[in-house]
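Hydrogens, waters and symmetry mates play no part in the numbers below; they use all other heavy atoms, side chains included. Reminder, nothing fancy here: chain letters follow the sequence lines and each chain counts from 1.
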Amino acid sequence: MLTVLQALESQLHAAMERAFPEAAAEAAAAGRRLDPQLGPATKPEFGDVQANGALPLAKPLQQKPRAIADAIVAQLQQDPAFTALCLEPEIAGPGFINLTIRPERLTAEIAARLGDPRLGVPSVADPSGAAAASAQEPPAPVIVDFSSPNIAKEMHVGHLRSTIIGDSLARVLELRGHPVLRLNHVGDWGTQFGMLITHLKQVAPEALTTADAVDLGDLVAFYRQAKARFDEDEAFQTTSREEVVKLQSGDPVSLRAWGLLCDQSRREFQAIYDRLDIRLSERGESFYNPFLPAVVADLESAGLLVTDDGAGCVFLEGVSGKDGKPLPVIVQKRDGGFNYATTDLAAIRYRFGQSPAGDGARRVIYVTDAGQAAHFAGVFQVARRAGWIPDGARLEHVPFGLVQGEDGKKLKTRAGDTVRLRDLLDEAVERAEADLRRRLEEEGRNEDEAFIQHVATTVGLAAVKYADLSTNRITNYQFSFDRMLALTGNTAPYLLYAVVRIAGIARKGGELDAAASAASSADGLQFSEPQEWTLVRELLKFDAVIAEVEEELLPNRLCSYLFELSQVFNRFYDQVPVLKAPPELRASRLALCRLTADTLRLGLGLLGIPTLERM
RNA sequence: GCGCUUGUAGCUCAGCGGAUUAGAGCAUCUGACUACGGAUCAGAGGGUCGGGAGUUCGAAUCUCUCCAGGCGCGCCA
């Protein structure tokens, strides 16, 4: 429907210019153009699309808005392309123009999608249409920076949202044809390693020379001890700092110890990523180590660097601190060392930089918690002023809120510890399994163990992902196993069930593919019931939803759409027979089922959720 | 103190400057199984959109102010 909407937009715009040339000229002189204010109809009885552009013209033109709408409609009806696309427009209320797409055009759109594995979503890598036939460059990479756990720590609930949201955004961008670099900016460098290595040398030296001498849980405990000592013991602090210097200057013993710790953590992370079906390229903070001096040198030569209290700072414009003075971003500590702001700046510089000393990206997206908003705002400003962000390139922080328990407080275990991601996923799957076994019992069904494990794993993990993605990411997120695993409502199980119902139709003899190709080949599609038309219109929204998520980076918009689609399908399924439909209608209905299943599969896939045939 | 962010139905949340009645889901209540899995569907009740002011033809949406919660605030990441 995106192409239809674009056509409508230009037809409306042209009609407005013809109806009110003087207003158009005036707008053009002001560097604007007349805006038809096209949008989806707010209610079904208003048609498919509404144009509100007449109302803002009322004042400057000194005319009644309805008269303006009349004039626009009169021009529209002179346009054969428009009359071929829409039924007669209606003017409602103060001057809204309601448009209804001709049913045969909707049917044609459905037919086109039945043969299109992309379901109407255009690809930037392969734009269709002759207009784009000029010599093209391959699209520039988009970087999604997400997950980013710390070495020598376990992944915990704090990494859940970044990992799930980042993966989903990456999948949407990939579908749109962007080359996506999924970067795992792991915390593998800095002061914490000095602490840890110093502590381990004293209490568990074997961990620094032998792979897997201690397990990750112990490592986490050692890390906590090291942190505690660092905060109290001055001598320990000094030794730790010296250790960092050794590491950063390439001391072989320190480097080997560091490498062992990283390997061990990496394997643990990978186990989680495998479970969640998440692909990531590790490029930790250490990667940018060689570029740090150049960052400071660049800032110096750009005249941005100021030495304050011994530290290398860039003072921010428009951001002041407690005393009313501008707030600095510190890029070089008093002791000469670099910190995370320096690393983040080096990363930005590298990511927008041209190959071979850069990624050549045009859009860089950071998926981190909202608490880092101020940090990123500062770092982004410095990068912009340093001239590292090319014209037209986008640098975006995609913030998300805290994970809270059902008590509204930060999610913790009963003992008060942070919740390990592994345990959280385990519990979701266990609960899904218990629920499945109970229902099998109740319904007297007999399924083998492989089926039970497969369904429980799929449903449990889907529930965790969907619950997270379906709420607006900016607000805090209240985590509840009971809610996410509920079989009714806006949950993963409800959506998966809709797919299962369609699979059931296929099993009972509905040859979906055959029907789809038969229906799409000619004028084979025929719809009569209102539930069919509602489903048709819902199915055709998919491409616009994807475009919106690509732009706004809000996966909950996709979730809302998929839920709505499932509801519309369930109404159709409830009220319109498919397999027992009259022969002349059967293929069309099967085709709708096929397209619904395809849309749900593709859409859920973009959320990182696989579907089931039976559950 | 400053900054960012949130406040919408009993609960969890959508809501993209526009249409009498601000939407879902859960929960509550009432209906529907000789059609493809009832894990469904149809319907009902439930709201001074935190308070106040402003801009506009029109504000949950934009601006200001106040109240309440969350998060952050120079050498950790």
Side-chain angles (χ1 to χ4, degrees), chain A residues 37 39-43 45-46 50 52 55-56 58-59 65 92-96 98 148 150 185 187 189-192 195 227 230 285 308-313 319-324 327-335 337-341 343-344 368-375 377 399 401-402 404 406 408-410 435 439 443 467 470-472 474-478 480 482-483 486-491 493-494 496-498 500-510 548 552 554 556-557 559-560 563-564 567 570-571 573-581 589 593 614-615:
Chain A
Q37 295 198 8
T42 51
K43 289 183 182 173
E45 55 265 38
F46 302 144
Q50 65 182 39
N52 303 336
L55 283 92
K59 204 169 200 181
F96 304 106
N98 291 337
S148 307
N150 291 318
H185 191 78
W189 208 241
T191 321
Q192 76 264 29
M195 287 160 25
K227 178 86 170 71
F230 187 85
E285 294 171 350
D308 189 74
D309 204 7
C313 301
V319 187
S320 47
K322 298 170 193 179
D323 47 9
L327 222 52
V329 169
I330 293 177
V331 295
Q332 190 154 26
K333 298 190 278 188
R334 201 167 11 190
D335 65 7
F338 304 110
N339 62 7
Y340 68 110
T343 306
D344 280 342
T368 77
D369 69 275
Q372 297 189 52
H375 163 67
L402 246 61
Q404 299 174 320
E406 287 179 83
K409 292 182 185 153
K410 196 172 171 180
D435 188 56
R439 283 201 331 279
E443 295 164 23
S470 61
T471 175
N472 187 324
I474 295 161
T475 52
N476 289 348
Y477 159 54
Q478 201 172 97
S480 162
D482 287 333
R483 273 205 296 274
L487 306 175
T488 59
N490 188 6
T491 65
Y494 178 88
L496 290 172
Y497 182 62
V500 164
R501 283 183 132 182
I502 299 170
I505 291 179
R507 275 197 302 278
K508 291 269 165 68
E548 192 179 315
E552 311 280 336
L554 291 172
N556 66 304
R557 298 271 167 83
C559 294
S560 299
F563 177 56
E564 186 69 28
Q567 283 187 309
N570 276 329
R571 273 168 220 149
Y573 180 95
D574 194 58
Q575 291 158 38
V576 181
V578 176
L579 291 176
K580 298 199 175 169
R589 291 181 184 172
C593 290
R614 297 194 302 124
M615 63 193 285

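At the heavy-atom level, A:Ala370 lies nowhere under 4.0 Å from the strands shown. Contact annotation for A:Tyr494: backbone-only contact, meaning every heavy-atom pair under 4.0 Å involves sugar-phosphate atoms and none involves a base. Among the atoms of the strands shown, base atoms are found under 4.0 Å from some heavy atom of A:Pro328. Within 4.0 Å (heavy atoms only), A:Val500 reaches at least one base atom of the nucleic acid.
A 4.5 Å side-chain heavy-atom check between A:Val578 and A:Val576 finds every atom pair outside the cut-off. In this structure the side chain of A:Pro577 reaches within 4.5 angstrom of the side chain of A:Arg589, judged on heavy atoms. Between A:Arg439 and A:Leu487, the closest side-chain pair of non-hydrogen atoms falls below 4.5 Å. When side chains are defined from C-beta on, A:Arg483 does not count as touching A:Thr491, because their heavy atoms never get closer than 4.5 Å. When side chains are defined from C-beta on, A:Lys333 does not count as touching A:Phe338, because their heavy atoms never get closer than 4.5 Å. With contacts defined as side-chain heavy-atom distances shorter than 4.5 Å, the pair A:Gln567/A:Tyr494 qualifies.
Comparing the P positions of B:U48 and B:A60 gives an interatomic distance of 14 Å, to the nearest angstrom. Here the separation of B:G37 from B:A19, taken at their P atoms, is 41 Å to the nearest Å. Nucleotides B:G18 and B:G58 have their C1' atoms positioned 6 Å apart, rounded to a whole Å. Taking the P atom of each, B:A53 and B:C71 are spaced 32 Å apart, rounded to whole Å. Separating the C1' atom of B:G54 from that of B:U61 is a span of 15 Å, rounded to the nearest Å. Comparing B:C13 with B:G17, their P atoms sit 23 Å apart, to the nearest whole Å. B:G3 and B:U65 are spaced 9 Å apart, taking the P atom of each and rounding to whole Å. Taking atom C1' on both B:G10 and B:U5, the two are 26 Å apart, rounded to the nearest angstrom.
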* **Candidate pair A:Gln37 and A:Leu55, rule side-chain contact (heavy atoms from CB on, under 4.5 Å), full reasoning** => CA-CA 10 Å; A:Gln37 295 198 8; A:Leu55 283 92; over 6 Å; no
Exercise. Is there a side-chain contact (heavy atoms from CB on, under 4.5 Å) between A:Asp369 and A:Leu402 once you walk through the steps?
Worked result: CA-CA 7 Å; A:Asp369 69 275; A:Leu402 246 61; 5.6 Å; no
Applying side-chain contact (heavy atoms from CB on, under 4.5 Å) to A:Thr343 and A:His185, what does each step give before you reach the verdict? CA-CA 10 Å; A:Thr343 306; A:His185 191 78; 4.1 Å; yes
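Rounded to whole Å, the distance from CG on A:Leu579 to C1' on B:A35 is 9 Å. Separating the CD atom of A:Gln567 from the C1' atom of B:G25 is a distance of 8 Å, rounded to the nearest angstrom. Rounded to a whole Å, the CG atom of A:Asp335 is 17 Å from the P atom of B:G74. The distance from atom CG of A:Asp574 to atom P of B:G38 is 8 Å, rounded to the nearest whole Å. In this structure, OH of A:Tyr497 is placed 5 Å from P of B:A39, rounded to the nearest angstrom. A:Lys410 has its NZ atom 13 Å from the P atom of B:G70, to the nearest Å. For the pair A:Ile502 CD1 and B:C36 C1', the computed distance is 11 Å after rounding to whole Å. One atom, CG of A:Asn339, and another, C1' of B:G74, lie 9 Å apart when rounded to the nearest Å.
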Encoded 5' to 3' (Watson-Crick or G-U under 3.5 Å; [ ] crossing; | other strand), RNA chain B becomes (((((((..((((.........)))).(((((.......))))).....(((((.......))))))))))))....
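Residue A:Lys580 has no polar side-chain atom (N or O) positioned under 4.0 Å from OP1 or OP2 of B:C36.
Checking B:G37, B:A35, B:C41 against every side-chain atom of A:Arg614, the shortest atom distance belongs to B:G37. Nearest to the side chain of A:Ile474, among B:U6, B:C71, B:G37, sits B:U6. Checking B:C75, B:G38, B:A77 against the side-chain heavy atoms of A:Lys333 singles out B:C75 as nearest. If you check B:C36, B:C73, B:A77 against the side chain of A:Pro577, the one that comes closest is B:C36. Set against B:U40, B:C4, B:G74, the side chain of A:Asn570 has B:U40 as its closest nucleotide.
Of all non-hydrogen atoms in A:Pro493 and A:Ala486, the two that sit nearest each other are CG-O, 3.6 Å.
No side-chain N or O of A:Tyr497 forms a donor-acceptor pair with one of A:Asn570 less than 3.5 Å apart.
For the pair A:Ala374 and A:Gly187, both in contact range of RNA chain B, the more 5′-proximal nearest nucleotide belongs to A:Ala374. Ranked by how close their nearest RNA chain B nucleotide is to the 5' end, A:Ile505 and A:Arg439 are led by A:Ile505.
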In B/S/- notation (B base, S sugar-phosphate only, - none; protein heavy atoms under 4.0 Å), nucleotides 8-19 of chain B written 5' to 3' is ----SSSS--BB
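Counting atom types as modelled, A:Arg571 pairs no side-chain N or O with a base atom of B:A42 as donor and acceptor under 3.5 Å. Between the side chain of A:Tyr340 and the base of B:A77 there is at least one donor-acceptor pair of N/O atoms closer than 3.5 Å.
Residues passing the ring-ring contact (aromatic ring centres under 6.0 Å, His included) test with A:Phe46, sequence neighbours excluded: none.
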